[in-house]
Engineer: 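Quick one: the structure is below, and I'll ask about it shortly.
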Amino acid sequence: MIPKSHPRYESLIQREKIKDAYKEGYLADSGMIAHGRGEAFDYLIGEKTSLSSEKAIKTSVATLLLAKNPVISVNGNSTALAAKEIVDLANETNSKIEINLFYRTEKRVHIISNIYRNLGYENILGDDSENLKYIDNIDSPRATASEEGIYSADVVLVSLEDGDRAEVLVDNGKKVIAIDLNPLSRTAKAVDITIVDNIVRVIPLMIKYAKQLKSKDKNYLKKIVNEFSNTENLKKSLNLIEVAKFEG
């Protein structure tokens, strides 16, 4: 039991969720390493959502709401940390949810599928290995995509994404939104919108903005998207890390 008075309570709870996901068989061991790396960057940004990240979150929601076929790509880490919130976001933005795993096994896919179904989300994509298509120019197991989901999506929301897949999704004409605590990663630099923040803070904020924005007209949403610069966004995120280094 972790007392709520512990100064690292939230961080330790996230570690427990990641550890439990590994024990339950749906998180690869490398997923624990990825979480630890992200946790280090979270320290550097002060473990809070910056103004620049909140602007990226708002822009991301507007982009999902404008999309014809938006898809939220999930893996073991995102499922362990934010499965219920991801379902709520999908419902608020009319997005599909698709499983995409680097270390794909039928066991992992089955467990993750059941997690979302138990949360009331019945139409999970990416769980039928026999009917997956392959995205060209990705040399990894993550090249698979369902035809009605990521393969034909115009907007894809990813988290803990490897750089080669992010680059190819962009090259295939998709708008890609990444939740990535490392503003220096290939993914962060390749995609259209990078949310430099922890997924456990990001998804609830996206739900809040979705409730506010889904009644707005398209011109209002397009204005939000057009005024966003990911280059400036990443610069501001790096500045936060520089400040943290000197203030720490």
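Nothing fancy with the numbering, it's 1 onward along the sequence. As the structure is a computational prediction, the values presented were derived from the model and not from experiment.
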Engineer: When you compare the side chain of T49 with that of I57, does any pair of heavy atoms fall below 4.5 Å?
Structural biologist: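 They are in contact (side-chain heavy atoms under 4.5 Å apart), so the answer is yes.
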
Engineer: Rounded to the nearest 0.5 Å, what separates atom NZ in K208 from atom CG in D88?
Structural biologist: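 The distance works out to 16.0 Å.
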
Engineer: Measuring only between side-chain heavy atoms, which start at C-beta, is K58 closer than 4.5 Å to L213?
Structural biologist: yes

Engineer: Tell me if a side-chain donor or acceptor on S60 pairs with a main-chain N or O of A56 at a distance below 3.5 Å.
Structural biologist: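 Yes, the answer is positive, given that a donor and an acceptor are paired below the 3.5 Å cut-off.
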
Engineer: Any side-chain donor paired with an acceptor under 3.5 Å for E106 and S129?
Structural biologist: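 There is such a pair between these side chains.
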
Engineer: For K55 and S50, indicate whether the former's side chain and the latter's backbone hold a donor-acceptor pair under 3.5 Å.
Structural biologist: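 The answer is no, because no donor-acceptor pair under 3.5 Å joins these two groups.
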
Engineer: Hey, is D127 close enough to R117 for a salt bridge, meaning N to O under 4.0 Å?
Structural biologist: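 Yes, this pair counts.
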
Engineer: Within a strict 4.5 Å, meaning less than it, do heavy atoms of the I86 and Y121 side chains meet?
Structural biologist: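 I86 does not reach Y121 side chain to side chain.
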
Engineer: Below 4.5 Å, heavy atoms only, C-beta onward: do N75 and N100 meet side chain to side chain?
Structural biologist: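 Not touching, per the 4.5 Å side-chain cut-off.
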
Engineer: Does the E98 side chain pair with the main chain of S146, one donor and one acceptor, at a distance under 3.5 Å?
Structural biologist: yes

Engineer: Once you round to the nearest 0.5 Å, how far does OG1 of T59 lie from CG of L64?
Structural biologist: 11.0 Å

Engineer: Can you tell if the side chain of E148 reaches within under 4.5 Å of the side chain of K96, non-hydrogen atoms only?
Structural biologist: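 SC-SC contact between E148 and K96 confirmed.
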
Engineer: Counting only heavy atoms not in N91 (residues, nucleotides, ligands), do more than 12 fall under 6.0 Å from its CG?
Structural biologist: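 Atom CG in N91 is crowded, with more than 12 foreign heavy atoms closer than 6.0 Å.
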
Engineer: Does K223 come within less than 4.0 Å of E227, counting only side-chain N to carboxylate O?
Structural biologist: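 A salt bridge is present here (some side-chain N lies under 4.0 Å from a carboxylate O).
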
Engineer: Could you tell me whether the side chains of R201 and S53 share a donor-acceptor contact shorter than 3.5 Å?
Structural biologist: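 Their side chains do not contain a donor-acceptor pair, so the 3.5 Å distance test is not met.
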
Engineer: CG/N182 to CD1/I241 distance, rounded to the nearest 0.5 angstrom?
Structural biologist: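 So the CG of N182 and the CD1 of I241 are separated by 7.0 Å.
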
Engineer: I want to check something: taking the side chain as every heavy atom from C-beta on, are V176 and I193 in contact at a cut-off of under 4.5 Å?
Structural biologist: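 Not touching, per the 4.5 Å side-chain cut-off.
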
Engineer: At what distance, to the nearest 0.5 angstrom, does CD1 of I97 lie from CD1 of I150?
Structural biologist: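 Here the rounded value is 11.5 Å.
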
Engineer: Examine the side chains of Y116 and T79 and answer whether a donor and an acceptor come within less than 3.5 Å of each other.
Structural biologist: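 Yes, side-chain donor-acceptor contact under 3.5 Å.
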
Engineer: Between L157 and V71, is there a side-chain heavy-atom distance shorter than 4.5 Å?
Structural biologist: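 No, their side chains stay 4.5 Å or more apart.
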
